[in-house]
Amino acid sequence: LDAVRLHDRTERLMAAEALARLGHAPPASALPALRRMLRGPYAGPRIAACDALKAYGPDGSRAVPDLIAALGDPRDDWFFPGELHLLGGPGFSPGGVREAAVQALLTMGPQAEARLLQDGIPRLATALEESDEMERAHAAVALGYLGRKAAPAAPALARAYKGAGFALMEALRQTIGQVGPDSVRALLHVLQDKQVRASEDRVGYILLLLESLGPDARAAIPDLVELAKDPNPKVRTDAVGALAHIDPNAKAVRAALLAAAKDPDALVRQRAVRGLARLDPPAKEALPLLRDQLADPDVGAAAAYALLRLGDDPKAPAKRLADLLGVEECASDAVILFQRLGPRAKGAATTLIHRLQAADPLVRVRAADALLAVAPERAKPAGPVLLKILEDPGQNATARQMALPLLLQLDLPSRNEAPKLFALLGDAVLFPPNQQTRYQLLELLRRMDADHTALREAYHKHLGTDFTPDSLLDTKDRVN
């Protein structure tokens, strides 16, 4: 309390931060000094004062006028050299005084919040037009704390996209997403601006923002349908992606997605096919179109995913996706698609079981991974295949490493395999230095109820710990 009244700026800052960390409201006698700190020239002590005021709750209401005034203060991030590292108590706001002031006001009860909505939002909306990019970003972040109550600032938030740099665009993206449907019309209005339309990146960023709003952006569907016909393929791609996430089942959106699936540009077709996968129920005309797309080298995988997701005959799409397990550039994506589909792609199990016999060990491992995702009850044949890959030092090292965690999801190998598995613990190729997959192999042996004497020796040698019958994988820092 004595230090917060001192003339030395650094001592005042540190005292205010200490008050914020008390765990309870500071004494009322500190309020006048904290209010004076709020009116100071530098951001550090002012943010520290806001942090301390948050602890008062409604008892700090005398500071409301000072906090409201701080929302319109252009000295939002005037940090004195060396003071920034002194901040950092609970609730520390690196986003400037405005963000810290909004946080403090929201702790002071309904009357303080009403003042914030009435007098604070106009000040923050005005701050969005300042010349300094970071101060505009801080104002946007501060508005985000109000969620949908910040709707009156939606036009100002949308206008701020003109000429915005990355930091400001990211802050605007997060805040507009929290404001919700009230921002849609404002964004569409900005899209008509010639300066914005001249930049495909700015158009794309706004379309991505509308996409992130999902069903809240239904009012934008007519405009997006028109943009899906834009001469610029990037704009078409982003517009189709937004439509697919907002409401793929709307009549106008279905028609736009079906048209875009025949677009000459591959990226537009990909977005459209992904959108068609979201239809529920599937459009009758979509299934024949997607079957035709299976042969398209650019969108075949997406079409296969869509057909499996929509419940079509799994034979052809399952084969198309399974074929990609052997294409290095696409294999990981194919496994991920099977994982996303889960039991909906159960019809692909037979195809994946056949792939367990492929010549390439990586294909066999990926097929086992996909099979566990779509039909774990039919994955038993994968166990011997994976074990053979793991135990053979002549096999691909990546395939052997991938096989180990999958074995933990299958029926345990016979205890007769334990000696071979113990021998693998010294395999430098399978277990490079500092790699934690040894935990997985030891966990497999533990589950197999392998010889406890051998396990005790292995624990001491490779882990430096005593053997315990508890799972090795329960501790987060031991999971690969």
Side-chain angles (χ1 to χ4, degrees), residues 1-124 126-127 130 132 134-135 137-146:
L1 286 173
D2 288 336
V4 86
R5 302 186 187 100
L6 294 174
H7 291 293
D8 184 85
R9 176 184 56 255
T10 300
E11 292 200 29
R12 291 202 313 274
L13 184 157
M14 295 174 70
E17 280 292 289
L19 287 171
R21 301 183 199 190
L22 287 177
H24 56 78
S29 57
L31 261 176
L34 292 172
R35 293 178 66 187
R36 283 196 299 274
M37 285 177 69
L38 263 175
R39 298 190 288 269
Y42 290 106
R46 298 167 73 208
I47 290 175
C50 290
D51 286 346
L53 286 168
K54 279 189 287 188
Y56 282 94
D59 292 337
S61 58
R62 281 184 292 162
V64 168
D66 305 286
L67 291 165
I68 294 293
L71 299 179
D73 192 333
R75 299 168 298 165
D76 179 70
D77 61 354
W78 288 12
F79 286 101
F80 190 80
E83 75 181 7
L84 188 58
H85 76 280
L86 299 174
L87 296 165
F92 163 59
S93 170
V97 177
R98 291 184 175 112
E99 183 180 347
V102 167
Q103 289 178 318
L105 284 162
L106 289 173
T107 68
M108 293 182 176
Q111 290 185 333
E113 183 175 334
R115 282 286 310 274
L116 172 58
L117 299 180
Q118 179 181 330
D119 302 329
I121 287 180
R123 290 171 183 262
L124 291 170
T126 301
E130 290 177 3
D132 185 272
M134 287 310 300
E135 291 193 9
H138 293 161
V141 171
L143 283 165
Y145 284 92
L146 301 177

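Between E130 and R98, at least one side-chain nitrogen of the basic residue sits less than 4.0 Å from a carboxylate oxygen of the acidic one, meeting the salt-bridge criterion.
Contact of the R35 side chain with the R62 side chain is registered, since non-hydrogen atoms from C-beta on lie closer than 4.5 Å. Between L105 and E113, the closest side-chain pair of non-hydrogen atoms is not below 4.5 Å. Taking the side chain as every heavy atom from C-beta outward, M108 and P58 never approach each other to under 4.5 Å.
The structure places CD of E99 at 11.5 Å from CG of L71, a figure rounded to the nearest 0.5 Å. Interatomic distance, CG of L143 versus NE2 of H138, reported as 13.0 Å (0.5 Å rounding). How far CE of M37 is from CD1 of I47: 10.5 Å, rounded to the nearest 0.5 Å. Going from atom CG of L38 over to atom CD1 of I68 covers 11.5 Å, rounded to the nearest 0.5 Å. Of the inter-residue distances, the one linking L106 atom CG with L146 atom CG reads 6.0 Å to the nearest 0.5 angstrom.
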Worksheet item: Given the rule in the side-chain contact (heavy atoms from CB on, under 4.5 Å) test, do L31 and L53 qualify, once you have shown the distances and angles that lead to the verdict?
Response: CA-CA 8 Å; L31 261 176; L53 286 168; 3.4 Å; yes
Discussion item. Could you go through Q103 and K54, starting from their C-alpha distance and side-chain angles, then the distance that decides it, and tell me whether this counts as side-chain contact (heavy atoms from CB on, under 4.5 Å)?
Written reply: CA-CA 7 Å; Q103 289 178 318; K54 279 189 287 188; 3.6 Å; yes
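Taking every heavy atom of both residues into account, C50 and A104 meet most closely at O-CB, 3.8 Å. Considering all non-hydrogen atoms of both residues, E135 and D132 come closest at N-OD1, 2.9 Å. Contact between S61 and P65 at its shortest, heavy atoms only, is O-CD, 4.1 Å.
Evaluated for a side chain to side chain contact (heavy atoms under 4.5 Å, CB included) with V102, the options L124, I121, V97 yield exactly one hit, L124.
Of the possible donor and acceptor atoms, none in the side chain of Y56 sits under 3.5 Å from a partner among the backbone N and O of A63.
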